[in-house]
Protein chains: 2
Amino acid sequence: MDTPDPDAVPARLAALPSWLITQTALRAGRLVSDGLAAVDARGYHFRLLATLDEFGPASQATLGRRSGIHVSDVVAALNELAERDLVERAPDPADRRRNVVTVTPAGRRQLRRLEKQLAAVQDELLAPLSPAERDQLTGLLARVLTHHTRRSG
Amino acid sequence: MDTPDPDAVPARLAALPSWLITQTALRAGRLVSDGLAAVDARGYHFRLLATLDEFGPASQATLGRRSGIHVSDVVAALNELAERDLVERAPDPADRRRNVVTVTPAGRRQLRRLEKQLAAVQDELLAPLSPAERDQLTGLLARVLTHHTRRSG
DNA sequence: CCCCTAACGTTCGCCGCACCAACGTAACGC
DNA sequence: GCGTTACGTTGGTGCGGCGAACGTTAGGGG
C-alpha cells in the first residue's frame, strides 16, 4: 500500500466543518436510536409524541409541519404509535378530510420514558464538554440552524 | 386544532443538543450533496478520492478503513469512479485477493473541483459565524468526536 | 504438506431519515 | 356548480451506514 498506515483519518476530511458536524450527528444519532430502541421507539415517535403533548391534539398535516416530519412518514409512524395504543386517531367531525390525533395516557407515560432516555443520551454525547462549553456548542449550532431555516427552508 | 399555531417548533426538540446537531447535519448534508451533485459527484466519491490522494494507492479494504466507508459501499462507489475514469482498479500482483486502486490525473482534477465546491459549502454553512466562532465550533465538535471514537468505535 | 483460519472483493438486502408523485376524498371560494 | 386547495394514504427514490453470505486467496500450525 505505499503508506504503512492501517486506518488513519485523511486530514482533508478531519478539517472540514461539514464532516465534523455530520460525523458528530452520526454518533448522536446512534446514541439516540439505541436509547429509544431500549424502550421500543424511534426518533419519529418521540418527535410526534412531544409535538402532541406540547401543542395538543392536531391533524396529521399540522403534526407533520410542527415536527418537521414528511406527511407520508407521519402516516407510518402514527400507525406504529396507534398499534401500541400510545395515540388515538379519530375522524374530525368538523372536517371529514382530517384525522384528529390525540395522545393517550399510555402515550404520555411513554413520552416520559423517552425524555428520560434522551436526557441520558445528551449527557453521554456531550460528556467531554463542561456545562459552559455545552452552552457554547448549542448556541453556535442554534445560530447556524436558524440562519439556514429562516432564509431557505 | 386546539392551538392556532401553524408550524411552531416544539421546545422539547429545539432544546435538545442531539436535535440541534442532527438538524444542522441535515442542512450541511444538503449543501454538500447539492454542491457535489453540481460536479456529478457525491460524498463517497470525495472521501475516496481524498483518501487516495492523501495516502496513495491502496486496496479497497484499507481504503474503506481510512475513509470510514463500508467495504461493500466502497465497491459501488469505486465502480462509479472507475466508470468516469477517475480511478483505476488493478489486481495486486503481490496478493491476488487485493485490488490496487489508483487515482488518475482526471481523478486528481476532479478532486480539485470537489474541494473547491466544498470550501464554498463550508462558507455558506457557517455564514452566520465569525472566524473565531467557527474555530470554536469545530474545536468543540472535534473534542466530542474524538471522545466518542477513541473509546467506543 | 495439508487444512484451517483470516482477509479480500462482491452481491444482496435492511434500516433510518427525508422526500416526491400520485390518487381519491372532502372542503372552500367564486 | 366547478375549480382549487387541503388532507390522508400508498408506493417508490435517494443517501449514508450496516450485516450476511459466498467464492477466492494467503498464510500459519499441526
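The structure displayed is predicted, hence computed values, not measured ones. Sequence lines set the chain letters: A, B, ... in the order given, protein chains first and strands last, and positions in each chain run from 1.
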> Considering only heavy atoms and no angle criterion, is a donor-acceptor pair shorter than 3.5 Å present between the side chain of A:Arg97 and the base of C:dA27?
Replying inline: no
> 5' to 3' on DNA chain D, which nucleotides open and close the contacts with chain B (atom under 4.0 Å from a heavy atom)?
Replying inline: D:dG16 to D:dA26
>> Holding to salt bridge (charged side-chain N to carboxylate O under 4.0 Å, His left out), I want the full list of residues that pass it with A:Asp123, two or more places apart in sequence or in another chain.
In response: A:Arg134
> Hey, does the side chain of B:Arg98 come within less than 4.0 Å of C:dA7's phosphate (OP1/OP2), counting only N and O?
Replying inline: no
>> Measure CG/A:Asp95 against C1'/C:dC28 and give the value in whole Å, please.
In response: 10 Å
> Who are the side-chain contact (heavy atoms from CB on, under 4.5 Å) partners of B:Thr102, not counting sequence neighbours?
Replying inline: B:Pro57, B:Val100
>> If you take any heavy atom closer than 4.0 Å to DNA chain D, which residues from residues 32-52 of chain A end up in contact?
In response: none
> Partners of B:Asp40 by side chain to side chain donor-acceptor pair (under 3.5 Å), sequence neighbours excluded?
Replying inline: B:Arg84
>> If you compare all heavy atoms of B:Arg66 against all heavy atoms of B:Ala58, which two are closest, and at what distance to 0.1 Å?
In response: NH2-CB, 3.7 Å
> Among all residues two or more places apart in sequence or in another chain, which pass the salt bridge (charged side-chain N to carboxylate O under 4.0 Å, His left out) test with A:Arg42?
Replying inline: A:Glu80
>> Suppose we screen for side-chain contact (heavy atoms from CB on, under 4.5 Å). Which residues come up paired with B:Arg112, at least two apart in sequence or across chains?
In response: A:Arg12, B:Asp53, B:Arg108, B:Glu115
>> Quick check on contacts: within residues 67-85 of chain B, what sits under 4.0 Å from DNA chain D by heavy-atom distance?
In response: B:His70, B:Ser72, B:Asp73
>> I need the CH2-P distance between B:Trp19 and C:dC17, as an integer number of Å.
In response: 11 Å
>> If you assign A:Ala61 and B:Arg96 each to the DNA chain D nucleotide with the nearest heavy atom, which residue ends up on the more 5' nucleotide?
In response: A:Ala61
>> Among residues at least two apart in sequence or on other chains, which ones pass side-chain contact (heavy atoms from CB on, under 4.5 Å) with B:Asn79?
In response: B:Val75, B:Arg89
>> Which residues pass the salt bridge (charged side-chain N to carboxylate O under 4.0 Å, His left out) test with A:Arg97, not counting sequence neighbours?
In response: A:Asp95
>> Output the rounded distance in Å from CG (A:Leu31) to C1' (C:dG16).
In response: 15 Å
> Does B:Arg89 place a side-chain N or O at less than 4.0 Å from the phosphate oxygens OP1/OP2 of C:dT10?
Replying inline: yes
> Can you name the residues that form a side-chain contact (heavy atoms from CB on, under 4.5 Å) with A:Leu26, not counting sequence neighbours?
Replying inline: A:Gln23, A:Arg30
> With sequence neighbours excluded, what pairs up with A:Asp34 under the salt bridge (charged side-chain N to carboxylate O under 4.0 Å, His left out) test?
Replying inline: none
>> Does A:Glu133, at its CD atom, have more than 12 non-hydrogen atoms belonging to other residues, nucleotides or ligands within less than 6.0 Å?
In response: yes
